[in-house]
**Student:** 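I have a structure here, written as structure tokens, and I will follow up with some questions on it.
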Amino acid sequence: MPELILPARLQGIEQVRSFRAPARLDYQFTAGLATTRFLRAVAEKRLVGQRCPKCQKVYVPPRGACPTDGVPTEEEVELAHSGTVTTFCVVNVQFYGQVMELPYVSALILLDGSDIPIMHLIQEVPYDQVHMGMRVEAVWVPDDELGPTLESIKYFRPNGEPDADWETYKDNV
Amino acid sequence: MGKERVAVVGIGQTKHQATYDGSIATLVREAAERALDDARMGWSDIDAVVIGKAPDFFEGVMMPELYLADALGATGKPMFRVHTAGSVGGSTAIVAQDLIAAGIHERVLTVAFEKQSESEAMWALSLPIPFQPPMHAGAGGYFAPHVRAYIRRSGAPDHIGILVALKDRLNALKNPYAHLHEHGITFESVKDSIMLWDPIRYSETCPSSDGACAMVLTNEKGGDEAAAQGRPPAWVLGTAFRSEPTMFAGRDQVNPRGGQDCARDVYAQAGITDPRRDIDVAEIYVPFSWFEPMWLENLHFAAEGEGWKLVEAGVTQMDGDLPVNCSGGVLSSNPIGASGMLRFAEAAMQVRGQCGEHQIDGVRKALGHAYGGGSQFFAMWVVGTEKP
Ligand SMILES: [Zn+2]
């Protein structure tokens, strides 16, 4: 880049190259009908998906429509609080704004009875023992702390069942 | 009236680096001036400007095209801003080429940039999602589980990712514009680097770069003139873009349908029936090393589950029969918004014989590729020495 020529009175002064200017934005978020129904159920310690009338796939959290078939998903399906780790990663990177303690396991979990994995934490097991196919169950916050958020599930932990067969979850990997 | 033929007649880029000591306007102007010089043109020769970058909240400068219009000589001319996440550098070039192919303009300047030193990209890619635990950890956190899925599905051995990282970083030593020049890098040093997002190691991850890339595209007349003056153009033989939803049941994030379809489309336009044989060199968007074998399959260079074997056999090395990322790729320079255009530009540079030390001899057709979002946007072009 071209050299910056300063006037005489500014010679010898250290130039400002950059400065930090934090910005703050507050949002109003409208969850929409399907997600609102899902989150209200979560506040009652229930996991409720929706089934597509055409492809029969069960979406959780539901979007109110099937992205593949473009039709409304009205039938509600009560889901188990257990599932299978389809895949995961061990996060060990610190960055601005991060709140999690390192390392932590971020996993895609296919809840029993659903057809699309949700992302959540795996704990109560050393991170290097987490593996694909591991069977896990939700650990909920105390009942008086339940709210309309997936943070009502603190994390998932191994439920002691034998690993799921690859065939049962390979279409979601 | 058919499509106009489109030629790449000017290419410029900045030296990619951790901190570019200048404003964003200076950064993009430096790349644009180099492209104009390469095209033997001045600002007044340009009919329209097409600019792209990744999300505005990376740098916190909303709609930077407003303030960059003047720096890019767009006053009194049409200017368009493109945004398609990480693929934006590619889709920006495609929009520019479309303006010429449609016969609307004769000479278009296209520019893409990112200034990560003014940015918090990790933070920006990890914004808490309402009603979900705050567990997101950047692009690596998103892609690492899918890399693990690829390894499981293909049975690839662990060292494949290391081989890709080592190759790209060694190639970067031949590219004076590359950000990382790691002279001491070895297989062991990559292997021993820490796992940031297991199974992705630090040395298998792209850097955070400041940088810009620019190209001047013309119609057939402009391409013929450049050729007559001894500056061979790269002719655009095909362009394609595809998108797909981030989430749907059964979505294949290892080998996404959007990428497969996009590749078939661009090959059909360019008359390519066997990409492994017909394409001489490829610049593929590989921000994490394992995406090289994954995209080799997605781009039909290898059968599903076989991409890693090309890596292991050295096929994608500079002396292999399908050299990939001779520039050092995204793994060696990642000014995010510019990274896709750099892939397109490096493909054109190979066709034009402009690559210096990382030039492959006798390139006739080259592929430029970019992807973005949660592997949901795909942009590609094929450029060649002969007119379509
Ligand atoms: Zn459906």
Side-chain angles (χ1 to χ4, degrees), chain A residues 1-2 17-18 21-23 25 27 29 31 35 38-39 42 52 55 57-59 61 63 66-68 86-100 103-108 114-121 127-128 132 147-151 153-155 166 170-173, chain B residues 14 19-23 26-27 29-30 57 60 62 115 117-118 120-138 140-153 194-202 205 244-254:
Chain A
M1 61 173 289
R17 294 296 184 187
S18 69
L25 292 171
Y27 291 90
F29 181 83
T35 307
F38 170 77
L39 292 170
V42 167
C52 171
C55 67
K57 302 281 189 197
V58 173
Y59 275 83
R63 303 291 181 85
C66 174
T68 301
T86 60
T87 186
F88 66 98
C89 78
V90 184
V91 179
N92 195 25
V93 57
Q94 196 68 57
F95 57 92
Y96 176 79
Q98 192 185 45
V99 295
M100 299 292 301
Y104 65 92
V105 177
S106 166
L108 290 167
S114 75
D115 292 291
I116 189 164
I118 62 166
M119 190 180 257
H120 220 294
L121 302 164
Y127 67 86
D128 56 358
M132 295 167 84
T149 164
L150 269 174
E151 290 186 88
I153 296 175
K154 284 201 289 187
Y155 50 79
W166 170 247
K170 70 175 173 50
D171 290 342
N172 286 283
V173 172
Chain B
T14 58
T19 306
Y20 177 86
D21 192 14
S23 66
T26 311
L27 179 76
R29 194 172 169 92
E30 184 176 316
F57 53 80
M62 296 302 135
K115 195 149 186 283
S117 65
E118 292 187 27
E120 293 281 3
M122 269 294 287
W123 163 85
L125 292 171
S126 312
L127 296 179
I129 296 173
F131 315 117
Q132 292 193 23
M135 58 189 291
H136 294 271
Y142 184 87
F143 291 120
H146 303 303
V147 165
R148 184 182 301 280
Y150 173 73
I151 294 170
R152 172 70 174 80
R153 277 166 50 167
I194 68 160
M195 284 288 189
L196 290 184
W197 305 270
D198 192 336
I200 299 175
R201 295 173 175 85
Y202 173 77
T205 303
E244 69 176 50
T246 326
M247 306 268 265
F248 59 89
R251 180 172 184 228
D252 189 341
Q253 297 219 52
V254 170

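Order of the sequence lines fixes the chain letters, A, B, ..., with proteins taken first and strands second; residue numbering starts at 1 for each chain.
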**Student:** Which bit of A:Pro61 comes within less than 4.5 Å of chain B, counting heavy atoms only: side chain, backbone, both or neither?
**Tutor:**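 Contact with chain B is absent: no heavy atom of A:Pro61 under 4.5 Å.
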**Student:** Output the option from B:Gln253, B:Arg152, B:Glu120 having the highest count of non-hydrogen pairs under 4.5 Å with chain A.
**Tutor:**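 Greatest number of close heavy-atom pairs with chain A: B:Arg152.
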**Student:** Under a 3.5 Å distance rule, please check whether B:Arg148 uses its side chain to pair with a backbone N or O of A:Cys89 as donor and acceptor.
**Tutor:**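 No; judged by distance alone, with no hydrogens or angles, the pair does not exist.
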**Student:** Chain B heavy atoms under 4.5 Å from A:Ser18: which part of the residue, side chain, backbone, both or neither?
**Tutor:**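 Looking at A:Ser18, nothing touches chain B.
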**Student:** Which atoms of B:Pro130 are under 4.5 Å from chain A, going by heavy atoms: the side chain, the backbone, both sets, or neither?
**Tutor:**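 When you check distances to chain A, only side chain atoms of B:Pro130 fall under 4.5 Å.
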**Student:** What about the rings of B:Phe131 and A:Phe38, do their centers lie closer together than 6.0 Å?
**Tutor:**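 No, ring centres 6.0 Å or more apart.
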**Student:** Sort B:Met122 into side chain, backbone, both or neither according to what part of it lies under 4.5 angstrom from a heavy atom of chain A.
**Tutor:**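 When you check distances to chain A, atoms from both the backbone and side chain of B:Met122 fall under 4.5 Å.
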**Student:** In terms of heavy-atom proximity below 4.5 Å to chain B, should A:Leu121 be classed as side chain, backbone, both, or neither?
**Tutor:**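 Both parts, heavy atoms under 4.5 Å.
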**Student:** At a heavy-atom separation under 4.5 Å, does A:Ala21 approach chain B through its side chain, its backbone, both, or neither?
**Tutor:**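 Neither part, no heavy atoms under 4.5 Å.
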**Student:** Hey, are the side chains of A:Glu151 and B:Pro134 touching, using non-hydrogen atoms and a 4.5 Å cut-off?
**Tutor:**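 Yes - at least one pair of side-chain heavy atoms lies under 4.5 Å apart.
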**Student:** Any heavy-atom pair between the side chains of A:Met132 and B:Ile151 that's under 4.5 Å?
**Tutor:**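 They are not in side-chain contact.
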**Student:** Measure distances from A:Asn172 to the heavy atoms of chain B and classify the residue's part below 4.5 Å as side chain, backbone, both or neither.
**Tutor:**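 Side chain only.
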